[in-house]
Amino acid sequence: MTIRRILLIAFLLVSLLPAAALTVLAFNRTHAAMLGEIEQGVMRSASAVSADVDKLLFERLLNATTWNHLEVMQDLRLDDVDKRLSNFLGEMKRRYGDTYLDLHGLDRSGRIVASSDPARLGAVYPPPRPWQSARLPGGELRIERPLARSGDRAPMLLIRVSIPSEFTEGDVGELALEFNWQLVQRILDRAANLQRQLLLLDAPGKAIAASAGLQQRGRALLSGWLPDSAADAAYVRDGQPLMDALVIVGHARSQRFEPFAGFGWTTLLLQSRAVALAPVHRMAWTFAGLLAITALVTIAVSLAIAGAIARPIVALTDFTRRYAQPGELPPPPRAGPGEVGELTRSFTRLVRDLEHSQQTLTQASKLAAVGEVTALLAHEVRTPLGILRSSAQTLRDEPGLSAEGNELLQIIDSETGRLNRLVSSLLDSARARAPQRTSTDLHALIRHAASLLATQCRDRRIRLELELQAQHSQVDVDGEQLTQVLLNLAMNALQILAPGGRIRVSSLDEPERLVVVVDDDGPGIAAEDHGRIFEPFVFKREGGLGLGLAVVRQILRQHGGDIVASASPLGGAAFRFWLPRGTRIP
């Protein structure tokens with residue numbers, strides 16, 4: 001397995017496994033939080049509907065226990081001969097709109113003596129059908145189960161209360177209030193929709209009112225829908241026969257109104273679980289998409305990094321193979337970054353030193369051979385040569401030497417001299433023989449960034465103004481990274497401004513740092529977001545994503561500076577960043 005593949009697998013394991021684990025953990029926690037919030041929302045909605053129903057009915061009970069003590073009610077003793085009580089009941093019905101279907105005053109025999117409907121005077125009212133009772137300071141009320149009436153007449157809830165006599169012991173009759181039960185159903189309908197229905201149950205668990213969607217399915221005794229009396233949270237169950245599929249059931253019991261103990265009814269809110277969890281499902285797809293994007297980015301980055309790390313090692317390996325082969329020394333590979341580059345440079349120096357050592361050793365071997373030959377020549381040749389030369393010189397002094405003999409002696413002398421010099425030369429040969437930061441003008445970087453954005457500003461009709469007031473703009477920075485900071489801040493403003501907008505880049509001196517402000521006259525940033533926008537996935541611009549400002553802050557902090565956001569005097573957003581100086585400015 002190649003080192004590139006090993007590095008790629010290592011990078012993917014180190015990057016993707018934690019990312020996947022964190023994504024799953026974040027999704028599970030968010031899922032649980034959202035589900036809990038949904039269930040709480042269902043419970044709050046059920047409680048709100050129950051409170052509306054309780055308030056509506058409690059006000060009707062107060063009406064009954066207030067009206068039965070009015071002086072006009074004593075007219076029942078006289079059969080309401082002057083119709084004063086009937087007029088009063090008619091006026092109350094009109095005053096309360098459609099709250100009451102009819103109001104009646106009954107004598108002791110149950111005959112209607114006074115009524116808001118004159119046509120019903122003299123009729124005998126149906127005998128009481130006890131269902132619930134309520135005791136208030138004004139008397140004890142008897143409530144009858146809501147009934148659907150014939151024809152198009154609205155269903156009613158009958159409330160009956162005795163009228164005490166002011167002159168004798170006992171009662172003079174009874175007041176009957178026919179409450180329009182459709183008002184309760186309207187409350188349920190207002191809170192209902194296609195995927196949410198409501199049901200009102202009495203104490204035994206029998207349905208007494210329902211939203212329109214449930215009325216179309218019919219209502220009957222529902223077993224198992226009433227929650228445990230100790231339950232304080234929504235629960236999930238099969239919605240049949242009231243609704244299809246699973247539902248989240250929120251419930252709320254009738255509340256107490258002092259001194260009334262409450263009706264004991266339960267309001268059920270049936271919320272389709274699939275619809276309620278739709279945001280959770282969308283969130284799941286969002287998390288899956290983010291994980292997929294993270295995986296793709298990680299793979300791309302890992303390939304690039306693994307290639308960058310492996311490339312110099314592969315080149316070094318190839319250099320080593322070619323070095324072992326005969327021939328000229330191959331050119332050294334390019335040094336990579338960090339320790340790999342140091343290894344390449346060290347190995348290249350080692351190879352060059354070894355090559356030099358080999359050349360030195362070869363030369364030393366040759367010199368050693370020359371030394372041995374020279375020593376032999378000095379011993380074997382030089383002495384005879386000296387004898388020959390001395391003999392030739394002696395013979396030249398002999399008288400009567402012929403011209404030819406003298407010439408031969410000269411030849412012998414010169415040649416023996418030449419051979420002696422050759423030996424001396426051989427002896428001579430045997431003896432003769434080794435952070436990237438740079439000082440940068442920040443104003444120049446600002447002008448360079450402005451020139452890069454000039455075309456875009458012109459096309460979008462945005463004014464880019466430079467107010468470079470700092471007198472000492474020289475700082476030790478990475479010019480490329482600071483250019484990226486300036487472009488990111490200016491592009492953020494450029495992308496959000498409307499035509500005719502204005503961007504201003506200014507600088508000023510402070511004793512130990514150089515300050516740059518990039519502001520605009522755009523819509524600005526909410527005060528509560530001034531600290532959050534430098535975090536990662538926090539974005540306010542559509543299509544935004546939420547990373548540019550995080551990179552800006554990271555670069556500035558690596559340089560020993562920082563950045564903050566605030567409101568701009570121009571009306572938009574202002575980004576103020578600073579960089580430390582090498583020396584203090586007085």
Please output the side-chain donor-acceptor pairs of residues 53-63 that fall under 3.5 Å, not counting sequence neighbours, one pair per line with the distance.
| from | atom 1 | to | atom 2 | distance (Å) |
| --- | --- | --- | --- | --- |
| D54 | OD1 | S254 | OG | 3.3 |
| D54 | OD2 | Q255 | N | 2.8 |
| R60 | NE | N63 | OD1 | 3.3 |
| R60 | NE | Y100 | OH | 2.9 |
| R60 | NH1 | L56 | O | 3.0 |
| R60 | NH2 | N63 | OD1 | 3.2 |
| N63 | OD1 | Y100 | OH | 2.7 |
| N63 | ND2 | Y96 | OH | 3.2 |

Check step by step if side chain to side chain contact (heavy atoms under 4.5 Å, CB included) holds for D476 and T438. CA-CA 5 Å; D476 289 337; T438 59; over 6 Å; no

Hey, mind stepping through S507 and H443 against side chain to side chain donor-acceptor pair (under 3.5 Å) and telling me if it holds? CA-CA 8 Å; S507 68; H443 284 178; 2.8 Å; yes

Side chain proximity check, [X] to [Y], heavy atoms < 4.5 angstrom:
X    : Y    : result
Q271 : R196 : yes
L466 : I446 : yes
I187 : V49  : yes
V564 : F575 : no
H448 : T483 : yes
L199 : L214 : yes
L556 : R553 : no
S506 : L468 : no

Electrostatic pair R44-E37, nearest N-O below 4.0 angstrom: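 Here R44 pairs with E37 in a salt bridge, since their nearest N and O are under 4.0 Å apart.
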
Salt bridge or not for R502 and D521, using N-O below 4.0 Å?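 A salt bridge is absent here (no side-chain N lies under 4.0 Å from a carboxylate O).
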
Backbone of [Y] reached by a side-chain donor or acceptor of [X] within 3.5 Å:
X    : Y    : value
H530 : I525 : yes
R253 : S47  : no
H559 : D478 : yes
D202 : K206 : yes
T440 : L442 : no
Q484 : E480 : no
D519 : A573 : no

Hey, mind stepping through I503 and E465 against side chain to side chain contact (heavy atoms under 4.5 Å, CB included) and telling me if it holds? CA-CA 6 Å; I503 302 173; E465 302 173 354; over 6 Å; no

Check step by step if side chain to side chain contact (heavy atoms under 4.5 Å, CB included) holds for M491 and N488. CA-CA 5 Å; M491 285 298 297; N488 276 2; 5.8 Å; no

Which residue, V517, L514, D562, I563, forms the side-chain contact (heavy atoms from CB on, under 4.5 Å) with W578?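 Output: one option passes, namely D562.
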
Looking at every heavy atom in both [X] and [Y], which two are closest together, and how far apart are they?
X    : Y    : result
A209 : Q185 : CB-CG, 4.3 Å
A490 : L453 : CB-CD1, 3.3 Å
I159 : A64  : CG2-CB, 4.3 Å
C457 : L464 : SG-CB, 4.0 Å
S45  : L269 : CB-CD1, 3.5 Å

Does a sphere of radius 6.0 Å around CD in Q558 hold more than 12 heavy atoms from other residues, nucleotides or ligands, not counting ones at 6.0 Å or beyond?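 Check passes, neighbour count above 12.
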
Count the heavy atoms of every other residue, nucleotide or ligand shown that sit under 6.0 Å from CG of L194, and state whether that count exceeds 12.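 Atom CG in L194 is not crowded, with 12 or fewer foreign heavy atoms closer than 6.0 Å.
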
How far apart are the C-alpha atoms of S568 and D520, what are their side-chain angles, what is the distance that settles it, and do they pass the side chain to side chain contact (heavy atoms under 4.5 Å, CB included) test? CA-CA 7 Å; S568 167; D520 58 64; 5.7 Å; no

Ignoring hydrogens and angles, state whether a donor on the side chain of N180 or T99 is under 3.5 Å from an acceptor on the partner side chain.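 Result is no, nothing qualifies.
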
Which residues pass the ring pair (Phe, Tyr, Trp, His ring centres under 6.0 Å) test with F263, sequence neighbours left out?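 Scan of F263 (ring pair (Phe, Tyr, Trp, His ring centres under 6.0 Å), adjacent residues dropped) gives F260, W265.
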
Kindly state each residue pair satisfying salt bridge (charged side-chain N to carboxylate O under 4.0 Å, His left out) with at least one member in residues 568-579, sequence neighbours excluded.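 Non-adjacent pairs meeting salt bridge (charged side-chain N to carboxylate O under 4.0 Å, His left out): E510-R576.
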
